[in-house]
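Notes follow once the structure below has been shown.
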Amino acid sequence: MNRVISIDGPAASGKSSVAKALAKILGWSFVNSGEFYRATTWAMLDAGVDVDNEVAVAEAAGSLELSAEMVDGISQVTIEGKPVASELMSSPEVNGAVSKVARVPAVRELVVERLRALADAYEVTMEGRDIGSVVFPETPYKFYVDASEEVRQQRRAAQGLTDQIAQRDRADSQRKSAPLTIPQGAVIIDSSEMTIDEVVTEIGDNLENGD
Ligand code: C5P
């Protein structure tokens, strides 16, 4: 495993933009782990899998050809070797179903394996829900980026996206398998009244002080 900076947090907390900007500054690669769950969900919906049926989801995960490649320092998820377009991954249908798919242990095992393989090949900033707690508990560089629900809802609306974030957060926090949690040892940053640049600077300061 190369060096990993984990950035966990709830939906629309700004963690993606922060992790991406940080990777650019450091010359590392950026991995959006949510896209692995989103691409998986898209493929299952496309194949007509009943996402309310955990057994059917686990079975479908068993034969899913999920992979990723690095394109200009950013992970691009592929299904059967083909990149999945970001519009498909952020559709209202996927937003509504992704938490159901992501709660299934067989799906999580598949995704976690892919995420660890990326860290074996690259130095990465990786954002998600369980990156510091489950995927890379041994990394010394852990952050948890939060923001008030109101601010997060405003951020999604500004992106023009339909997303029931409160519902998704509840499902992600209450599930049995790798729930959203503040990882042990993580630095917590409330980004409600901060710009992306300010959050990146705060993380950078923490990294320098921690060395
Ligand atoms: O980060 P994003 O909002 O795109 O994630 C979409 C969904 O994928 C989350 O709501 C969650 O259900 C799932 N997810 C997860 N673990 C991660 C990243 C995302 O369960 N590390």
Side-chain angles (χ1 to χ4, degrees), residues 4-20 30-45 51-52 54 57-58 61 64 66 68 74-77 79 84-119 124-137 139 142-147 149 151-153 155-183 186 191 196:
V4 174
I5 297 176
S6 68
I7 304 181
D8 290 297
S13 60
K15 59 192 190 307
S16 254
S17 314
V18 167
K20 197 189 243 178
F30 161 62
V31 181
N32 177 333
S33 71
E35 287 189 349
F36 288 72
Y37 294 98
R38 287 174 175 277
T40 298
T41 303
W42 170 78
M44 290 192 184
L45 291 175
V51 295
D52 287 308
E54 288 196 37
V57 170
L64 189 72
L66 175 74
I74 298 177
S75 62
Q76 166 70 66
V77 184
I79 301 273
V84 185
S86 55
E87 303 85 72
L88 295 177
M89 290 191 285
S90 59
S91 71
E93 290 77 15
V94 168
N95 282 337
V98 66
S99 292
K100 293 177 189 169
V101 171
R103 73 185 166 183
V104 177
V107 170
R108 305 206 67 81
E109 280 162 29
L110 178 71
V111 171
V112 168
E113 197 182 304
R114 302 295 183 270
L115 299 176
R116 289 187 179 144
L118 286 171
V124 295
T125 65
M126 192 179 291
E127 60 96 307
R129 303 292 186 292
D130 62 341
I131 307 304
S133 58
V134 172
V135 189
F136 301 109
T139 183
K142 296 184 193 180
F143 296 88
Y144 186 87
V145 177
D146 209 345
E149 194 173 305
V151 166
R152 294 188 291 114
Q153 247 145 16
R155 287 179 186 163
R156 267 301 183 266
Q159 291 172 306
L161 296 173
T162 311
D163 193 355
Q164 308 290 332
I165 59 171
Q167 220 168 302
R168 211 142 58 80
D169 287 344
R170 211 174 313 121
D172 292 341
S173 307
Q174 292 175 357
R175 71 183 175 216
K176 285 202 199 90
S177 193
L180 168 64
T181 183
I182 300 173
S191 75
I196 299 297

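This is a predicted model, so every value here is computed, not measured. As the structure lists them, so they are numbered: ligands from 1, and atoms in each ligand from 1. Sequential numbering from 1 along the given sequence is applied to the chain's residues.
The backbone N or O of Ala178 lies less than 3.5 Å from a partner atom in the side chain of Arg175, making a donor-acceptor pair. Asp8 contributes no side-chain N or O that, together with a main-chain N or O of Glu127, makes up a donor-acceptor pair within less than 3.5 Å.
Near Gly34, meaning under 4.0 Å from one of its heavy atoms, ligand 1 places the atoms 4 (O), 5 (O), 18 (C), 19 (C). Taking every non-hydrogen atom of Ser99 and a distance limit under 4.0 Å, the qualifying atoms of ligand 1 come out as 10 (O), 12 (O). Under a 4.0 Å criterion applied to the non-hydrogen atoms of Val98, ligand 1 contributes the atoms 7 (C), 8 (O).
Heavy-atom separations between Lys15 and ligand 1 include at least one value shorter than 4.0 Å. Close to ligand 1: Arg175, with a non-hydrogen atom less than 4.0 angstrom away.
Among all protein heavy atoms, the one lying closest to atom 14 (N) of ligand 1 is Tyr37 CD1, 3.5 Å. Of the protein's non-hydrogen atoms, Arg129 N, 3.4 Å is the one closest to atom 17 (C) of ligand 1. Among all protein heavy atoms, the one lying closest to atom 4 (O) of ligand 1 is Arg38 NE, 2.7 Å. Ranking protein heavy atoms by distance to atom 11 (C) of ligand 1, first place goes to Asp172 OD2, 3.2 Å. Closest to atom 21 (N) of ligand 1 among all protein heavy atoms lies Asp130 OD1, 2.8 Å. Looking only at heavy atoms of the protein, atom 13 (C) of ligand 1 is closest to Ala102 CB, 3.8 Å. The shortest contact between atom 18 (C) of ligand 1 and any protein heavy atom is with Ser33 OG, 3.3 Å.
Here the CZ-CZ distance, from Arg168 to Arg170, works out to 12.5 Å after rounding to the nearest 0.5 Å. A distance of 10.0 Å separates CG of Asp130 from CZ of Phe136, quoted to the nearest 0.5 Å. Taking CG of Asn95 as the reference point, atom CD of Gln167 lies at 11.0 Å (rounded to 0.5 Å). To the nearest 0.5 Å, atoms CZ (Arg129) and OH (Tyr37) are separated by 10.0 Å.
The shortest N or O to N or O distance between Glu35 and ligand 1 is not below 3.5 Å.
The side-chain hydrogen bond (donor to acceptor under 3.5 Å, both in side chains) check on Glu93 picks up Ser91, with sequence neighbours excluded. With sequence neighbours left out, the side-chain hydrogen bond (donor to acceptor under 3.5 Å, both in side chains) criterion links Lys20 to no other residue.
Ranked by closest heavy atom to atom 15 (C) of ligand 1, the top entry among Arg168, Arg156, Arg108 is Arg108.
Residues Val94 and Leu88 fail the side-chain proximity criterion, which asks for heavy atoms closer than 4.5 Å.
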